[in-house]
Amino acid sequence: MHKDSALTIKNKFLSGENSASEITSCFLLRAKIIDNQTGALLSILSDRAMKKAENLDRKRKNGKSLGKLAGIPIVVKDNILIKDEITTCGSKFLENYRAPFNATVINLIDEEDGIIIAKSNLDEFAMGSSTENSAYKIARNPWNLDYSPGGSSGGSAISVSAMIAPIALGSDTGGSIRLPAAFCGVHGFKPTYGRVSRFGLVAFGSSLDQIGPFARSAEEIALMQEVIAKPCKYDSNSVQYPVEPYMDELSQSIQGKTIGVPYSILKDLEPEILKNFENSLKVYESLGVKIKEIHLNLIKYSVPVYYILAAAEASTNLARFDGIRYTERSKNAHTLEEVYELSRSEFFGKEVKQRILLGTYVLSAGYQDAYYRKAQKVRTLMIEEYEEAFKLCDIIALPTTTTNVFKIGAIQDPLQMYKQDIYTISANLVGIPAINIPTKLDKNSMPLGIQIQGPQLDDARVLRFAWHYEKSENTNKFYPNLFDKEMR
Ligand code: GLN
């Protein structure tokens, strides 16, 4: 059952071949075993999931109508609130924090009868590109346990890749869905900013954050988007248009369309990444798509711009973790001042502190104009540059990553780690939809991917390009040779 697509699992449930309880117990068992090896999960929600499954079995027996996600196991990144469940954000600060309400996406999944089985591991507060910054455990790539699964949504990428669930949710502030999707050989989609409600997602960089799905196929991504991409009155940036019929639009022709490629910024790629990128363009050409050179010269500033803006927003957002509300409190504190100081110094990890320091600095009097405002201006120029680019092409192709999958511990220099995101960050700064499409395996038998970016609000177009690639190359059949034979 674990190799089945979400839609097959759903159909088996609807036809009565498998009960929701059977499906759920099967995936819960996998979750335990695979988590032991990969560190993919931070909690397994056995009680919640079994209760939901029994409820679904009852509904089916009584002939009640069932939702779009009926019987489908789903994993959710542990920075998304589920009422009464622990939400750690990968941080010791929230080790015992139980969410008092559901994120909007959780309500939407519940309404459509999806079964949330676990919460996945991440870099602390989603800051990182390798899931090595989790305060709990390092996550490992199911294709080879010595390698990183990417980050920050590493646990969600592993969950789909190692078949803990056919669909998982992550969050993407600067690439945290697309990069781990590329490293684990699955699709990972960052929707248009505001398309999916951020209500109940623990804020990192509020003007950049976006929830999105991982899945093996573009069709399953489209299915999930139909459920979660809805207007939400609790998110002031929520796009107010009704959800689109993404699934119906997948197979529309892309023949005669144009892919724009900013060749001039692709010079420093590792040879295998460049080759993979070029080969993927050939696949599109064979599907009748034209390739055209475009210019996105400002992407070279995307890493500095992002690390100023994301850090500035993070320093503000994380001010709420003060040892008084939500969180753990230092036992060594005797005064109010010490409660703040010691709690923050004891329970935030190194990377998070680094970002808070950087963000506070770029927002401080005297430096705000030089850094924060300047970065905002460059962001506006990038938006304009993308608008011009989309006048010349229908879609933009970029590599997802700059390097092949790296080994755990291989990148120690934070700047090197930040540079991993050079090709993903622009989509967040500009607010456009973007997806990682798995393509091939490299010489170490680790996955490679490419990235497709579309114009704002045309999420359907991005999914369509992914669908055609996958149909042509059968890339929804990427199964890692799992460590445990019985789990394969
Ligand atoms: N790697 C980037 C960072 O560390 C992006 C993280 C994200 O998208 N959440 O900030």
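One-based numbering, in listed order, for ligands and for the atoms of each.
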For [X], I'd like to know if atom [atom1] has over 12 heavy atoms of other residues, nucleotides or ligands within 6.0 Å.
{"X": "Lys92", "atom1": "NZ", "answer": "yes"}
{"X": "Lys440", "atom1": "NZ", "answer": "no"}
{"X": "Lys300", "atom1": "NZ", "answer": "yes"}

(request) Among all protein heavy atoms, pick out the one at the shortest distance from atom 6 (C) of ligand 1; state its residue, atom name and that distance to 0.1 Å. (result) Ser176 OG, 2.8 Å
(message) I need the nearest protein heavy-atom contact for atom 2 (C) of ligand 1: residue, atom name and distance, please.
(response) Asp421 OD2, 3.2 Å
(request) Show your working on ring-ring contact (aromatic ring centres under 6.0 Å, His included) between Phe183 and Phe406 and close with a plain yes or no. (result) CA-CA 9 Å; Phe183 277 14; Phe406 50 81; 5.3 Å; yes
(request) Measure up the Trp143 and Phe478 rings against each other and bin them: parallel (under 30°), tilted (30 to 60°), perpendicular (over 60°). (result)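 Geometry flag for Phe478 against Trp143: perpendicular rings.
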(message) Parallel, tilted or perpendicular: which one describes the rings of Tyr284 and Tyr469, with boundaries at 30° and 60°?
(response) tilted
Within the 4.0 Å heavy-atom shell around [X], which atoms of ligand 1 are there?
{"X": "Phe204", "answer": "9 (N), 10 (O)"}
{"X": "Ala126", "answer": "6 (C), 7 (C), 9 (N)"}
{"X": "Met127", "answer": "4 (O)"}
{"X": "Tyr307", "answer": "1 (N), 2 (C), 3 (C), 4 (O), 10 (O)"}
{"X": "Gly174", "answer": "5 (C), 7 (C), 8 (O)"}
{"X": "Ser152", "answer": "9 (N)"}
{"X": "Gly128", "answer": "1 (N), 2 (C), 3 (C), 4 (O), 6 (C)"}
{"X": "Tyr306", "answer": "2 (C), 3 (C), 5 (C), 6 (C), 10 (O)"}

(message) Looking at Tyr234, is its backbone amide N or carbonyl O close enough to the side chain of Ser238 to form a donor-acceptor pair, meaning the two atoms are under 3.5 Å apart?
(response) no
(request) Name all residues meeting the side-chain contact (heavy atoms from CB on, under 4.5 Å) criterion together with Ser91; count only those two or more places apart in sequence or in a different chain, and write none if there are none. (result) Phe93, Glu124, Phe125
(message) Under 4.0 Å, counting heavy atoms only: does Ala310 come that close to any atom of ligand 1?
(response)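 Under 4.0 Å: no for Ala310.
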(message) Check contact between Arg355 and ligand 1, using heavy atoms of the residue and a distance below 4.0 angstrom.
(response)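 Checking ligand 1 against Arg355, which is what was asked, there is a heavy-atom contact under 4.0 Å.
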(message) Is it the case that ligand 1 has an N or O less than 3.5 angstrom from some N or O of Ser171?
(response) no
(request) For residues Phe101 and Phe199, establish whether the separation of their ring centroids is below 6.0 Å. (result)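 Close enough - the centres of the two rings lie under 6.0 Å apart.
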